[in-house]
Amino acid sequence: MERIAVIDFETTGISPGTGCRATEIAAVLVENGRVVDRYQSLMNAGVRVPAFIEQLTGISTAMLRDAPPAGQVMAEMADFVGDAPLVAHNASFDQKFWDAELALIGRERFQPFACSLLLARRLLPDAPNHKLGTLTRWAGLPATGQAHRALADAEMAANLLGHLHEQLTSHYGLPRVSHQLLCELQKVPAAKVGAFLARTADRAWHPVLGMPAAALTVRSRSGRR
DNA sequence: TGCCAGGCCCTCTTTAGGGCCTT
């Protein structure tokens, strides 16, 4: 899989549309299944952290007073991620905050988001539920630190992404998994996932030589040089 | 004044309702 950025926000609430702001962000860069870089920072948006959120995340208003300005953090984060496609657990949540915080500094997102929650619902239907922590324990993935902190949650989501990747390659026989495929898969109705993956696996393998179509493409390009 | 998300997914659905998931 190409280089992908798995991100996670901690915020003061559930929606930027109701005045909620980000309090912490983290990104984990994954390349060929390995974590190659990390970014994490608290961010001061000049807001008060509600008591419920402080209890949930451990992030307090006092902690944010000493944090760098939210705009500075978002600019650094956008530069760190670059054009890598994004993944988050329940991406609709993180996407809203990503776009809202970037808009405040006059920037916008160009890359697509894939959602590990939607993918897990399709590929891990037997899990007791699809919360990030539950999936991590259920799949036997490593603990990454304090839950509900951005870096620990981003690393958990990255591990989950690796587990889903393994399911697609070992269980469903896909020779290659791209971010674009994940974006297509997360839109497929759950009842049709098996048929979709069977068609994808059939298309990905050369019908005569029994080789991954992607590998054939690479060899062909190399041969012309 | 009081309230305040929203997309996905399932079902006792589709002219709807409610749980899940994120903070």
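Chain A is the first sequence line, chain B the second, and so forth, proteins listed ahead of strands; every chain is numbered from 1.
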- request: May I ask you to say what A:Gly17 touches in the nucleic acid, namely base, sugar-phosphate or nothing, with a heavy-atom cut-off under 4.0 Å?
  value: nothing

query: Would you call A:Glu10 and A:Arg149 a salt bridge, using N to O less than 4.0 angstrom?
result: no

- prompt: Mind checking the C1' distance from B:dC9 to B:dT13? Whole angstroms is fine.
  reply: 12 Å

task: With P as the reference atom in both, quote the distance from B:dC20 to B:dC3 in angstrom, rounded to an integer.
output: 23 Å

query: Have A:Ser116 and A:His89 got a donor and an acceptor in their side chains that come within less than 3.5 Å?
result: yes

- prompt: Which whole-number value in Å describes the distance from A:Lys192 NZ to B:dC9 P?
  reply: 13 Å

message: Classify A:Arg122 by what it touches in the nucleic acid, base, sugar-phosphate, or nothing, heavy-atom distance under 4.0 Å.
response: sugar-phosphate

Euclidean distance, atom CG of residue A:Leu56 to atom C1' of B:dT23 [Å, nearest integer]: 6 Å

message: Would you say A:His130 places a side-chain N or O within less than 4.0 Å of OP1 or OP2 belonging to B:dC21?
response: yes

message: Rounded to whole Å, please give me the gap between CD1 in A:Ile14 and C1' in B:dC20.
response: 12 Å

message: Is it the case that the side chain of A:Asp153 and the backbone of A:His148 share a donor-acceptor pair, with hydrogens and angles ignored and the cut-off at 3.5 Å?
response: yes

- prompt: Can you tell which of B:dC21, B:dT23, B:dA5 lies closest to the side chain of A:Asp153?
  reply: B:dT23

message: Measuring only the C1' atom in each nucleotide, how far is B:dC12 from B:dA16? A whole number of Å is fine.
response: 11 Å

query: With a non-hydrogen cut-off below 4.0 angstrom, is A:Ala91 in contact with a base, only sugar-phosphate, or nothing?
result: nothing

- request: Using the P atoms only, state how far B:dG2 lies from B:dG18, rounded to an integer number of Å.
  value: 24 Å

- line: From CD1 of A:Ile7 across to C1' of B:dT22 the rounded distance in Å is 12 Å

message: Treating A:Arg3 as the side-chain partner and A:Leu29 as the backbone partner, does any N or O pair qualify as donor plus acceptor under 3.5 Å?
response: no

task: Calculate the interatomic distance between A:Lys96 atom NZ and B:dC8 atom C1'; express it in whole Å.
output: 13 Å

message: For B:dC21 and A:His89 - does any side-chain N or O of the residue sit under 4.0 Å from the phosphate oxygens OP1/OP2?
response: no

message: Whole angstroms only, please: what is the CD-P distance between A:Gln186 and B:dG7?
response: 14 Å

message: Expressed as a whole number of angstroms, how long is the span from A:Met156:CE to B:dC21:C1'?
response: 14 Å

field: Options B:dC21, B:dT23, B:dC4, nucleotide nearest the side-chain atoms of A:Ile53
entry: B:dT23

query: Counting any heavy atom closer than 4.0 Å, what does A:Thr57 reach on the DNA or RNA strands: base, sugar-phosphate only, or nothing?
result: sugar-phosphate

task: Let me know the distance between CZ of A:Phe97 and C1' of B:dG6, rounded to the nearest Å.
output: 12 Å

field: Touch class at under 4.0 angstrom, heavy-atom based, for A:Phe52 against every strand present
entry: base

query: When the nearest nucleotide of DNA chain B is assigned to A:Asp8 and to A:Arg121 on a heavy-atom basis, which residue is associated with the more 5' position?
result: A:Arg121

message: Between A:Arg107 and A:Asp99, does any side-chain N to carboxylate O distance fall below 4.0 Å?
response: no

- prompt: Where the side chain of A:Asp94 meets the backbone of A:Phe9, is there a donor-acceptor pair that is under 3.5 Å apart?
  reply: yes

message: What's the gap between B:dA5 and B:dT23 when it is taken at their C1' atoms, as a whole Å value?
response: 11 Å

Residue A:Leu118, side-chain heavy atoms: nucleotide from B:dC8, B:dT23, B:dG6 that is nearest: B:dC8

